[in-house]
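Below, all heavy atoms of this structure are taken into account, side chains as well, without hydrogens, waters or symmetry copies. This one's a predicted model, so the numbers in the text were calculated from it and none came from an experiment. In what follows, chains are A, B, ... by sequence order, proteins preceding strands, each numbered from 1.
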Amino acid sequence: MKLHIHDTLKREKVQFTPNNPERVTLYVCGPTVYDFAHIGNARPVVVFDVLFRLLRHLYGESHVTYARNITDVDDKINKKAMDEGVDISVITNRYADIYNADMAALGALRPTLEPRVTHNMDAILHQIQALIDNGHAYPAEGHVLFDVESYKAYGALSNRSLDDMIAGARVEVAPYKKNPQDFVLWKPSKPGEPLWASPWGEGRPGWHIECSAMIEANLGLPIDIHGGGHDLIFPHHENEIAQGVCTQHGHAHDSDAYSRYWMHNGFLDFGKEKMSKSLGNVKLVHEMIKTTPGEVLRLALLSAHYRAPLDWTDELISQTHKRLDGLYGALRKAQDVPVRDVVVPAGVLEALCDDLNTPQALAELSALAKVLETATSEAGRMMAKADLLAAGAALGLLQGDPEAWFKQGAGDDLTAQVEALIAARAVARAEKNWPEADRIRKELDALNIEVMDSAGGASWKVKATN
RNA sequence: GGCCUGAUGGCGGAGCGGUUACGCACCGGAUUGCAAAUCCGUGAAGCCCGGUUCGACUCCGGGUCAGGCCUCCA
């Protein structure tokens, strides 16, 4: 099965061929750890988690290296540390841990590598020096700046020319810049801010250099796929390319010398009101998973194609919850069915290999659930269940215990209470005491529990609240 | 101003030049002590105006609308 992906740089869907199938490399821009992650931050995590799973499936688990950085040097981190009167590491460790826990709740696998800026300062200094040596950067007043005019292909990713950028520049130009579009590789720290020694004075790295330096140091150039949100195309990824290409000798105009493919996910839409801190409507993953299963959020994030905008609404979440109930419902009824060979069904694999067409893959999932529901023979049920589980695994879904799925949110006390009521109701039903059976059903209903009778006895679930 | 997306049934959301997307909801039927779940089935679409074509939701042109980026941002 050939993987095809939409390459932002080429602006078309292309066949993916790794530089080295024995070592496929993927890098995704990760969080700046100074606060909780919101649901928009989670989209690239989940999308590229699906890609990570797919690549591992195609090339073998040990042949894929996925790096997602943790930015632990930043103004906002400094401010928070200052406010709390602690070292920045207190802030960054705290929010990195929360981030990883939250993303795990969304079913995202841990990346192979999670490089941090503070652990890669040597690599950053090394790359800056190489850029200066290659004539692509220059020191000025304690800064080191990248000279954009030295890189002819600058603007290729975001499809804009240097002239356009200069014409449309809205930023105040620092006097020490040769060109208004030159960007910072190294800058002096303000008093009280963390700083590192460098040949150009004490200071800290600019925003873009960390990624290209960590990629070079941790993955090696060029990497296969670089991913991130749409908004990062310019200036972040554009500048990364400039740095990553120019740090190497002999490749000065070859964009592929840095990353061979570029993938960018679209944004979540939140209706008329843009999600922002000032409006107080930021949807934090940390909060959402308290009331909504992470798997529902994951499925919702995958319900639209990753490049398309996705309207994030309560309606979407409730629809998604019901859909997941349906899938787990099929598995619940097949709990007695043993599973042996688990192979990702062709339809799902085809969908994912077509530029991660998750809506199509999800449609396949629904079809497989129906096959499982309608299969009559034991062999048929076994195969259907295996298919559904394998398809789910490819998407990072349906790996939980179906029984537990429907009892989420029910503590031990409630569970015991429910079991007792159901036992009492079973007695009433055996005696055909329908008024009593219905009375107990109502009692359970008041507890937000739904009972489902079947030949083999009653099962129950916590009713969805969203 | 520059660059770039998108506009599909009640809602979410894909593929496709001519045949059912799929999910959620709705309606009819089966099943059920009641109900849920499930199954069977029906209904429901392609922003506007041109063009290409035997035929367009799908291709081309124009328009309208919405959104994103150009500054920290998934």
Please tabulate, one pair per line, each protein N/O and nucleotide N/O from nucleotides 18-21 of chain B that are separated by under 3.5 Å, including the distance.
none

Dump the pairs, protein N or O against N or O of nucleotides 40-47 of chain B, anything under 3.5 Å, distances to one decimal.
from, atom 1, to, atom 2, distance (Å)
B:C40, OP2, A:Lys370, NZ, 3.2

(request) Evaluate whether atom NZ of A:Lys79 has more than 12 neighbouring non-hydrogen atoms of other residues, nucleotides or ligands under 6.0 angstrom away. (result)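 No, because the 6.0 Å sphere around NZ of A:Lys79 holds 12 heavy atoms or fewer from other groups.
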
(request) Give a yes or no on this: more than 12 heavy atoms of other residues, nucleotides or ligands lie within 6.0 Å of atom CE of A:Met383. (result)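 It does not: A:Met383 CE has 12 such atoms or fewer within range.
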
(message) I want to check one thing: is the phosphate of B:C4, taken as OP1 and OP2, less than 4.0 Å away from some side-chain N or O of A:Asn159?
(response)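 Yes, within the criterion.
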
So [X] and [Y], would you call those rings parallel, tilted or perpendicular, with 30° and 60° as cut-offs?
X	Y	value
A:Phe183	A:His208	perpendicular
A:Phe52	A:Tyr66	tilted
A:Phe146	A:Tyr151	perpendicular
A:His226	A:Tyr258	tilted

(request) List in numerical order all residues of residues 44-55 of chain A for which some heavy atom is under 4.0 Å away from an atom belonging to RNA chain B. (result)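 Here the set is A:Pro44.
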
(request) Identify, residue by residue, the members of residues 376-398 of chain A with a heavy atom below 4.0 Å from RNA chain B, and return them in order of residue number, or none. (result)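 Heavy-atom cutoff 4.0 Å gives no residues at all.
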
For the side chain of [X], starting at C-beta, report the closest nucleotide among [options].
X	options	result
A:Arg429	B:A14, B:G33, B:A74	B:G33
A:Ala437	B:C39, B:A14, B:G33	B:G33
A:Ala304	B:A74, B:C72, B:A14	B:A14
A:Asp231	B:G12, B:G15, B:C69	B:C69
A:Asp453	B:C70, B:G33, B:C34	B:C34

Given atom [atom1] of [X] and atom [atom2] of [N], what is their separation to the nearest angstrom?
X	N	atom1	atom2	value
A:Leu327	B:G23	CG	C1'	9 Å
A:Gln181	B:C69	CD	P	18 Å
A:Tyr306	B:U5	OH	P	14 Å
A:Asn69	B:A74	CG	P	11 Å
A:His230	B:G6	NE2	C1'	11 Å
A:Lys10	B:C4	NZ	C1'	19 Å
A:Glu431	B:G33	CD	P	17 Å
A:Asn41	B:C72	CG	P	17 Å

When you compare [N] with [M], how far apart are their [atom1] atoms, in angstrom units rounded to a whole number?
N	M	atom1	answer
B:C54	B:C69	C1'	44 Å
B:U19	B:G28	P	30 Å
B:C24	B:G13	P	16 Å
B:C48	B:C16	C1'	23 Å
B:C3	B:U71	P	16 Å
B:C22	B:U42	P	11 Å
B:U52	B:C65	P	27 Å
B:C70	B:U58	C1'	32 Å

Check this for me: does any side-chain nitrogen of one of [X] and [Y] sit under 4.0 Å from a carboxylate oxygen of the other?
X	Y	answer
A:Asp49	A:Arg53	yes
A:Asp7	A:Arg260	no
A:Arg439	A:Glu443	yes
A:Glu403	A:Lys407	yes
A:Lys283	A:Asp314	no

(request) Nearest-nucleotide wise, let me know which of A:Arg425 and A:His208 is further upstream toward the 5' end of RNA chain B. (result)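 Its nearest nucleotide lies further toward 5', so the answer is A:Arg425.
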
(message) Between A:Leu232 and A:Glu364, which residue's closest nucleotide on RNA chain B lies nearer the 5′ terminus?
(response)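 Closest to the 5' end, via its nearest nucleotide, is A:Glu364.
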
At under 4.0 Å between heavy atoms, what does [X] touch on the DNA or RNA strands: base, sugar-phosphate, or nothing?
X	value
A:Leu365	nothing
A:Asp438	base
A:Arg11	nothing
A:Ile233	nothing
A:His236	nothing

(request) Assess whether one donor atom and one acceptor atom, taken from the side chain of A:Arg43 and the base of B:A74, lie less than 3.5 Å apart. (result)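 Between B:A74 and A:Arg43, which were checked side chain against base, a qualifying N/O pair under 3.5 Å is absent.
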
For residues [X] and [Y], report the shortest heavy-atom separation together with the two atoms involved.
X	Y	answer
A:Val451	A:Ala458	CG1-CB, 3.8 Å
A:Leu327	A:Leu388	O-CD2, 4.3 Å
A:Phe267	A:His230	CE1-N, 4.4 Å

Side chains of [X] and [Y]: is there a donor and an acceptor less than 3.5 Å apart?
X	Y	answer
A:Asp75	A:Tyr34	no
A:Arg116	A:Thr118	no
A:Glu295	A:Tyr328	yes
A:Asn69	A:Asn120	no

(message) For a 4.5 angstrom cut-off between non-hydrogen side-chain atoms, does A:Val50 reach A:Arg298?
(response)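 Yes - at least one pair of side-chain heavy atoms lies under 4.5 Å apart.
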
(request) Compare all side-chain heavy atoms of A:Cys29 with those of A:Cys211 and state whether any distance is below 4.5 angstrom. (result)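 Yes - at least one pair of side-chain heavy atoms lies under 4.5 Å apart.
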
(request) Quickly, which of A:Lys13, A:Gln360, A:His4 forms a side-chain hydrogen bond (donor to acceptor under 3.5 Å, both in side chains) with A:Asp354? Name it, please. (result)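 Per the side-chain hydrogen bond (donor to acceptor under 3.5 Å, both in side chains) rule, the option paired with A:Asp354 is A:Lys13, out of A:Lys13, A:Gln360, A:His4.
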
Check nucleotides 24-26 of chain B for protein N or O atoms closer than 3.5 Å to its own N or O atoms and list the pairs.
none

(request) May I ask whether A:Phe267 stacks on the base of B:A74, given the cut-offs of 5.5 Å between ring centres and 30° between planes? (result)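 Answer is yes, a stack.
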
(message) How long is the straight-line distance from NE2 of A:His264 back to CG of A:Leu9, given to the nearest 0.5 Å?
(response)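 The distance works out to 10.0 Å.
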
(message) Stem finding on RNA chain B, please: runs of three or more consecutive Watson-Crick or G-U wobble pairs, both distances under 3.5 Å, sorted by first number.
(response)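 Counting only runs of 3 or more consecutive pairs, the stems involving RNA chain B are B:1-7 with B:64-70, B:10-12 with B:22-24, B:27-30 with B:38-41, B:47-51 with B:59-63.
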
